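Below are the structure tokens for one structure; questions will follow.
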Amino acid sequence: MTFHEMNPTIKFLTVTLLMFGLAFIYNPWTPLTVFIGILILQSLFSSISWRRWGLFMIPFLFTALGTLWTTLVFGKETGGEILFTLLGNDVTAENVMLAATLALRVLAFTAVSLLFTLTTDPKRFIYSLMQQGKLSPKIAYSVFVGFRFFPILKHELMQLYETHALRGIRLETRLDHIRHAPKLIIPLLAGAIRQAERIAFSMEARGFTGEPRATYEVVPVTRSDFLMASLLLLLFGVSAWLGIK
Amino acid sequence: MLKSWKLKEIVLLAILSVVFAVVYLAFVHVGNLWAGLIGPIAYEWIFGIWFIVSIIAAYIIRKPGAALLSEVLAASIEMMIGNAIGPRIILVGIIQGLGAEAAFAVTGYRRYDLWVLMLAGFGAAVTSFAYTYVMGGLAALSPTYVATMFALRATSGMLIAGVGGKILSDLLLRTGALEGYAVARQGRVHG
Amino acid sequence: MVEAEQLAFRYPDKPCEVLTDITLQLTAGRTLITGASGSGKSTLFSLMNRLYPDNCDGIVTGKLHLFNRSYDVYEAGEVNRRVGTVFQDPDSQFVMQTVEEELIFTLENFGVPREEMMPKVVAMLETLRLTDYRHRTIHDLSGGEKQQIAVACALIGRPEWLLLDEPLAHLDPETAKRFVHWLDTVAQTVNVVVIEHRPFIWGGFFDREVGLVNGRVSYDGPFVARPDYTFSPIMVKRGKEMLFHVPQLERNTFKLATSEVSIGEGDLIAVLGRNGSGKSTWLRSLARHHREVGLVPQSPAHLFITNDVTRELAYNHNRPIEDIMERLGLGSLRDDHPLSLSHGQKRRLAIGVMMLSGKQLIAFDEPTAGQDEESLRALYELMAERTRAGQTVLFVTHDLSFARIANTFYLMRGGNLSGPYDDSLWDETELLQSHGLLLEES
């Protein structure tokens with residue numbers, strides 16, 4: 001059993017629960033243990049490419065650092081011994097612990113999120129949401145249509161860039177691109193909206209009503225799904241206990 | 001709730017969500033660039049961008065639930081295409097969507113003037129800020145700093161999402177692509 | 001299947017009727033529905049598969065029976081089990097990623113038991129001779145292949161009727177011909193209704209024809225096979241020669257060879273080739289490398305960057321626009337959004353933009369795709385007027401009937417451009433055939 005095979009809805013609920021729990025804990029040790037624990041579970045029960053993982057992680061390292069030092073500089077006043085002064089703000093031991101907690105929380109959140117995102121196939125997730133989560137097929141299949149739009153929109157965007165260039169629009173700097181964005185989003189959306197209407201018609205013409213229907217792709221719930229879920233919750237329990245001690 | 005929805009309206013909602021999921025993700029990166037330097041406040045002045053789909057969807061479709069559903073869908077799609085905030089973002093979507101939805105609910109889903117759209121942007125700012133306060137542990141920061149953050153976010157919500165959303169939707173209306181949706185019909189009735 | 005008496009239809013917020021006093025009985029067989037854009041044929045079509053009136057809140061009066069019951073007693077989706085539909089645009093009738101998933105989507109809608117699904121998919125693809133496509137990604141298929149898959153998706157539900165709305169509009173003539181031939185063999189046991197305004201490619205496919213004019217039935221009788229519209233060559237005066245060089249271009253597996261064309265000022269040139277032969281790539285490359293070339297894309301809407309017609313025409317220059325705006329008949333639309341215009345109006349606006357930016361050569365990419373006769377005649381007039389004024393006009397197309405208006409021709413095949421040819425090209429049967437441009441008579 002790996003996290004890739006785990007039932008996506010159960011995985012989603014477990015992961016959400018775990019993150020909620022983390023939000024109410026104010027000590028640096030719990031998020032730290034969760035972070036390390038997730039990494040261990042991930043290397044045992046998944047085949048995530050660590051390179052990809054690293055790429056996703058980098059921006060959040062910056063966020064964590066940003067959180068760390070803003071909490072130090074703009075931290076609220078607490079009693080206690082002043083350890084040092086940073087940019088005119090007196091920093092106490094309590095401030096340091098808080099800053100470390102919040103920064104580590106960002107890292108723990110990210111690790112938990114990546115464990116979900118990098119092991120979950122969007123299509124399987126949606127099937128599972130329909131089967132276990134009672135998600136309306138109308139919504140589920142509209143999202144599938146949405147997925148089909150990625151290549152279509154990309155192609156359309158390329159065409160727009162090309163024809164706009166022929167009209168003498170030169171986009172050289174990043175700022176040029178940003179300023180030109182509104183001129184792209186209107187035709188892009190207008191085209192997509194017209195196409196969306198046609199696709200909806202063709203779905204109905206093929207007998208799609210949004211009412212209960214047969215299913216080919218079955219996403220099962222098994223005992224090992226609960227096993228994996230308990231493993232994650234156990235990790236949180238241990239981390240919370242370590243933090244309090 | 002979905003009984004009264006036409007399939008084409010839900011598909012439209014999904015397409016809007018896809019387009020804005022991409023926009024949302026792009027803006028996370030814009031925010032991240034700053035966040036390392038100035039901390040979480042980096043996101044505040046552009047926060048309104050993350051409410052815009054709910055306002056556009058509600059304005060076009062004019063049915064209960066449009067604001068909430070579009071925001072949740074955009075968040076879910078954003079997660080699936082690689083926002084590393086992960087499952088939490090769906091919760092964020094629900095919370096922001098509820099804030100925007102509230103503004104349309106208190107006006108009985110009958111008014112879609114600029115001020116209602118701005119109110120929706122404000123509503124999303126309020127609920128999303130409450131979420132940030134808890135999850136981001138803002139209690140640890142000085143009240144002045146927190147107040148500045150909220151003021152920035154509320155302004156951004158009203159201007160970028162409220163005013164921006166209306167401008168964008170009205171332009172789309174002019175392209176004729178929205179014939180056959182409530183905005184075209186009701187827009188005409190009210191002149 | 002369809003029985004209408006004094007049927008009328010209008011949209012909720014429009015005063016005039018789209019369909020008026022339609023009395024019609026569609027019986028088993030193969031029926032062609034013809035009519036110009038706006039004649040109401042698409043509306044009639046949408047009433048037949050029950051997408052209307054619900055989807056547009058339209059107002060129906062008179063009698064409309066589908067399968068001997070009034071249209072309004074059917075549950076959602078009920079009619080669609082007996083009527084399969086194929087739409088015009090190959091890019092907006094699919095939901096899933098792969099062919100197999102797409103076929104399963106239909107079966108799921110119809111509540112087919114799970115264990116019967118895969119055998120049905122396999123059998124359907126086998127019958128339609130599409131087995132090789134089973135695991136292909138729909139997005140990567142060509143227009144013709146997508147239409148075949150759309151037919152498969154409609155037929156897998158075992159409908160009694162198959163409706164096709166201009167299924168050939170985006171296909172080149174050879175692909176279209178093959179599609180018709182294929183449909184003829186696979187649709188033996190199903191009744192077929194097709195909307196088409198250029199029926200010549202269908203040969204003797206139909207046994208009945210219904211013609212619509214302004215929402216009324218103008219003809220209802222046996223189908224008579226007929227040739228396509230004919231267009232006469234436009235006379236031009238060639239001025240001084242201009243030389244255009246288009247460099248070699250490689251994209252994935254496709255390679256466009258270097259080409260050099262010498263074009264006389266005021267000439268009217270057609271570049272002919274099948275879909276995928278590289279003619280559009282060549283045209284875009286020509287426009288990219290020569291500032292004096294103004295490209296009108298297949299969807300002219302791609303060109304527009306402002307929010308009203310006036311600003312679109314005045315964009316990026318200081319020349320007066322009034323004269324050209326009036327001449328192109330855009331005066332009354334001056335405040336409208338460019339994207340809200342009809343296809344013909346968009347094309348005129350695009351030409352206005354090109355004229356005002358001083359382009360010496362106006363180049364059209366597939367200007368005839370999906371156009372009805374009136375619109376083709378308007379295009380003809382526009383090109384004639386432009387060349388009379390001394391403007392050079394070039395277009396790429398696979399429309400052999402329309403291409404006859406040109407004076408000089410080039411052929412494109414596999415990224416290689418050959419030419420120029422004069423109108424003796426039309427006698428070079430072998431040459432045209434080798435470029436996939438002439439249909440063997442069967």
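Since the structure is predicted, the reported quantities are computational estimates derived from the model, not experimental observations. A note on names: the letters A, B, ... follow the listed sequences, proteins ahead of strands, and every chain is numbered from 1.
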Part of C/V112 lying under 4.5 Å from any heavy atom of chain A: backbone
Taking only residues two or more places apart in sequence or in another chain, which ones pass side-chain contact (heavy atoms from CB on, under 4.5 Å) with C/V122? C/R134
Report yes or no: is the cationic atom of A/K123 (NZ for Lys, CZ for Arg) under 6.0 Å from the centre of the six-membered ring of A/F144, at an angle within 45° of the ring normal? no
Measure from the side-chain N and O atoms of C/H290 to the backbone N and O of C/F244, and report whether any donor-acceptor pair falls under 3.5 Å. no
Counting heavy-atom pairs under 4.5 Å to chain A, which of C/P297, C/S92, C/G77 comes out on top? C/S92
Just so I understand: if I count every heavy-atom pair under 4.5 Å between each of C/H302, C/H337, C/Q97 and chain A, which residue has the most? C/H302
Intermediate values then yes/no, side-chain contact (heavy atoms from CB on, under 4.5 Å), A/L13 and A/T16: CA-CA 5 Å; A/L13 289 177; A/T16 309; 5.6 Å; no
What residue in C/T85, C/V95, C/D89 has the most heavy-atom pairs under 4.5 Å with chain A? C/V95
Among A/F109, A/F56, A/F125, which one satisfies ring-ring contact (aromatic ring centres under 6.0 Å, His included) with A/F116? A/F125
Under 4.5 Å to a heavy atom of chain C? For A/A205 that would be both
Do A/Y161 and A/H177 have ring centroids that are under 6.0 Å from one another? yes
Under 4.5 Å from a heavy atom of chain A, the part of C/I104 involved: side chain
Distance-only, no hydrogens or angles: does the A/E5 side chain make a donor-acceptor pair with backbone N or O of A/T2 under 3.5 Å? yes
Could you check which of C/E115, C/M96, C/R288, C/R50 has the highest count of heavy-atom pairs closer than 4.5 Å to chain A? C/M96
For residues 154-162 of chain C, give me every residue with a non-hydrogen atom less than 4.5 Å from any non-hydrogen atom of chain A. none
Part of residues 212-231 of chain A lying next to chain C, heavy-atom separation under 4.5 Å: A/R213, A/A214, A/T215, A/Y216, A/E217, A/V218
May I ask you to name which of A/F201, A/F149, A/F147 has the most heavy-atom pairs under 4.5 Å with chain C? A/F201
Between C/V86 and chain A, with a heavy-atom cut-off of 4.5 Å, which part of the residue counts as in contact: side chain, backbone, both or neither? neither
Between A/S43 and A/I40, is there a donor-acceptor pair closer than 3.5 Å when you use the side chain of the first and the backbone of the second? yes
Report the C-alpha separation of C/S299 and C/K346 in whole Å, then their side-chain angles, then the decisive distance to 0.1 Å, and conclude whether the side-chain hydrogen bond (donor to acceptor under 3.5 Å, both in side chains) test is met. CA-CA 9 Å; C/S299 341; C/K346 278 183 193 143; over 6 Å; no
Answer with yes or no whether the side chains of A/Q195 and C/D91 bring together a donor and an acceptor at under 3.5 Å. no
Contact origin within C/E102 toward chain A - heavy atom pairs under 4.5 Å: both
Show me the side-chain donor-acceptor pairs of residues 178-187 of chain A shorter than 3.5 Å, one per line, residues at least two apart or across chains.
from	atom 1	to	atom 2	distance (Å)
A/H180	NE2	A/H164	ND1	3.0

With a 3.5 Å cut-off and no angle check, do the side chains of A/E204 and C/N80 form a donor-acceptor pair? no
Heavy-atom distances under 4.5 Å only: say whether C/A301 touches chain A with side chain, backbone, both or neither. neither
Is there a donor-acceptor contact under 3.5 Å from the side chain of C/K359 to the main chain of C/R291? yes
Using non-hydrogen atoms only, which part of A/L188 is less than 4.5 Å away from chain C: side chain, backbone, both, or neither? neither
Any donor-acceptor pair under 3.5 Å linking the side chain of C/E166 with the backbone of C/Q88? no
Non-hydrogen atoms of chain A under 4.5 Å away: do they reach the side chain of C/T106, the backbone, both or neither? both
Counting only heavy atoms closer than 4.5 Å, note whether C/R81 contacts chain A via side chain, backbone, both or neither. neither
Worked check of side-chain hydrogen bond (donor to acceptor under 3.5 Å, both in side chains) between C/Q298 and A/Q159: CA-CA 11 Å; C/Q298 196 178 339; A/Q159 298 243 299; over 6 Å; no
Using non-hydrogen atoms only, which part of C/E101 is less than 4.5 Å away from chain A: side chain, backbone, both, or neither? side chain
Answer yes if the side chains of C/H135 and C/T98 hold a donor-acceptor pair under 3.5 Å, and no otherwise. no
Greatest number of non-hydrogen atom pairs under 4.5 angstrom with chain A, of C/F94, C/Y315, C/F304, C/F110, falls to C/F94
Parallel, tilted or perpendicular for C/F105 and A/Y141, by the 30°/60° rule? tilted
Examine whether an atom of C/M117 lies under 4.5 Å from a heavy atom of chain A, and if so say whether it belongs to the side chain, the backbone or both; otherwise answer neither. side chain
Residue part contacting chain A, namely of C/L303, when any heavy atom lies under 4.5 Å: both
Does A/R124 offer a backbone N or O that forms a donor-acceptor pair with the side chain of A/S128 under 3.5 Å? no
